[in-house]
Amino acid sequence: MSILSRCALLILLLLPFRAAAGAEIPGGTIRMGEGTVAEVLDGTTVRMEDGSIVRLAGLRTPLADVAREALAGLALGRAVELRRAKRDRDWDRHGRTVAHLVREDGLWIQDALLRQGMAQHYSQSDINGLSAELSEAERAARSAKRGLWADPAFQPRDAKLEAAWTDAIGGYHLAVGTVLAAERRRERLYLNFGTDWRRDFTVEIATRDLRRFAGAGLDPLTWQGKRLEVRGWVESYNGPLIRVTHPQQIEFVGD
């Protein structure tokens, strides 16, 4: 059975239970409005009864068709409240509203999708206010190997293992490894995870983005020897590289 078939079966069997479980959205978020979900366009986008289009903040859904069905099971025809984290942008470049959806019974839709394993946590530099909570929900699904996390292709890749990146270029992936060197060169800071920066996995942070790390009390130049989990789009630039723009793309692993 393919991963798509396994995930579809998982939804049919477990959706009622998963929909009743999960965390409520944290306090301190800002209310943007309310309405009824009239149509589910894809795994992260809905049309409200008033015709407005809402994209769910903080999610990415690699298994598009399965995620759409999961979202429909959770939200279609339901009254929801639209909320956002403080300082988060509430629109995207296509003019869609970007929000967290909270059902009339208190269910936080993003949290439920992540706990089902139907989505990945996906933060942006200006939409990341609830990243810690979304990451926790994702980890629950990863630990239980629910949904997409049953497929090894979605598991974190070993930053030090060259073979782990042969099919990763152009995709969105998680990497885990220990920083061997942290150095600043011109307008970039580099975290090297291998001994040969010309071919091994690297994280790049532009100098202009370092202010976000400083604001969070973080200094990547001090991370040599730290074990990290990094998420982002993988490029080919002297080996596999992820450009990091904000701290929520990185988590410390272990000690």
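Atom set for the values below is all heavy atoms of this structure, side chains included, hydrogens, waters and symmetry mates excluded.
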Any salt bridge between Glu138 and Arg231, counting N to O under 4.0 Å? yes
Got more than 12 heavy atoms from elsewhere within 6.0 Å of OH, Tyr237? no
Using the rule that two of Ile, Leu, Val, Met, Phe, Trp, Tyr join whenever any of their side-chain heavy atoms come within less than 4.5 Å, decide whether Ile30 and Val102 are in one cluster. no
Return yes if some donor-acceptor pair links the side-chain N/O of Glu81 with the main-chain N/O of Glu104 below 3.5 Å, else return no. no
Please answer whether the main-chain N or O of Thr245 pairs with a side-chain N or O of Arg212 as donor and acceptor at a distance below 3.5 Å. yes
More than 12 non-hydrogen atoms from neighbouring residues, nucleotides or ligands closer than 6.0 Å to CZ on Arg87, yes or no? no
So does Glu204 pair up with Arg186, basic N to acidic O under 4.0 Å? no
Charged N to carboxylate O below 4.0 Å: is that the case for Arg78 and Asp105? yes
Can you tell whether the side chains of Glu24 and Arg103 come within less than 4.0 Å, N to carboxylate O? no
side-chain contact (heavy atoms from CB on, under 4.5 Å), paired with Phe193, selected from Asp200, Val176, Val203, Thr202: Val203
Do Leu134 and Trp108 have side chains that approach each other closer than 4.5 Å (heavy atoms only, starting at C-beta)? yes
Given the ring of Trp197, does Arg199 sit roughly above its face, with NZ or CZ under 6.0 Å from the centre of the six-membered ring and within 45° of the axis? no
Sub-4.5 Å side-chain heavy-atom contact between Leu174 and Val230: no
Is a side-chain N or O of Arg157 found less than 3.5 angstrom from the main chain of Ala164, in a donor-acceptor match? yes
When you measure from the side chain of Ser143 to the backbone N and O of Arg139, does any donor-acceptor pair fall under 3.5 Å? yes
N/O donor-acceptor pair under 3.5 Å between Gln110 side chain and Ala99 backbone: yes
Non-hydrogen atoms of Leu76 and Ala38 that approach each other most closely: CD1-O, 3.4 Å
Between Asp92 and Gly95, is there a donor-acceptor pair closer than 3.5 Å when you use the side chain of the first and the backbone of the second? yes
Which atom of Phe201 lies closest to which atom of Ala175, heavy atoms considered: CZ-CB, 3.6 Å
Judged by atom type as modelled, is there a donor-acceptor pair below 3.5 Å linking the side chain of Asp219 to the main-chain atoms of Leu221? yes
Are Leu41 and Arg47 side-chain neighbours, meaning at least one heavy-atom pair lies under 4.5 Å? yes
Begin from the C-alpha positions of Glu251 and Ser135 and carry the test side chain to side chain donor-acceptor pair (under 3.5 Å) through to its verdict. CA-CA 9 Å; Glu251 293 186 42; Ser135 181; 2.5 Å; yes
Under a 3.5 Å distance rule, please check whether Trp165 uses its side chain to pair with a backbone N or O of Asp158 as donor and acceptor. yes
Are any non-hydrogen side-chain atoms of Met48 and Ile53 less than 4.5 angstrom apart? no
Closer than 3.5 angstrom, by distance alone: can the side chain of Glu34 be matched with the main-chain N or O of Leu82 as a donor-acceptor pair? no
A quick test of your reading: do over 12 heavy atoms of other residues, nucleotides or ligands sit less than 6.0 Å from CD of Glu136? no
Between the side chains of Asp42 and Thr45, does any donor sit under 3.5 Å from an acceptor? yes
salt_bridge(Arg68, Asp65) N-O dist < 4.0 Å: no
Correct closest heavy-atom pair for Ala85 and Gly129 would be CB-CA, 3.6 Å
Check step by step if side chain to side chain donor-acceptor pair (under 3.5 Å) holds for Asn128 and Gln249. CA-CA 9 Å; Asn128 56 58; Gln249 286 179 260; over 6 Å; no
Any luck finding a side-chain donor-acceptor pair between Gln124 and Asp88 under 3.5 Å? no
Are His246 and Ser123 close enough that a side-chain donor and a side-chain acceptor fall under 3.5 Å? yes
Can you find a pair of side-chain heavy atoms, one from Asp209 and one from Ser125, that are under 4.5 Å apart? no
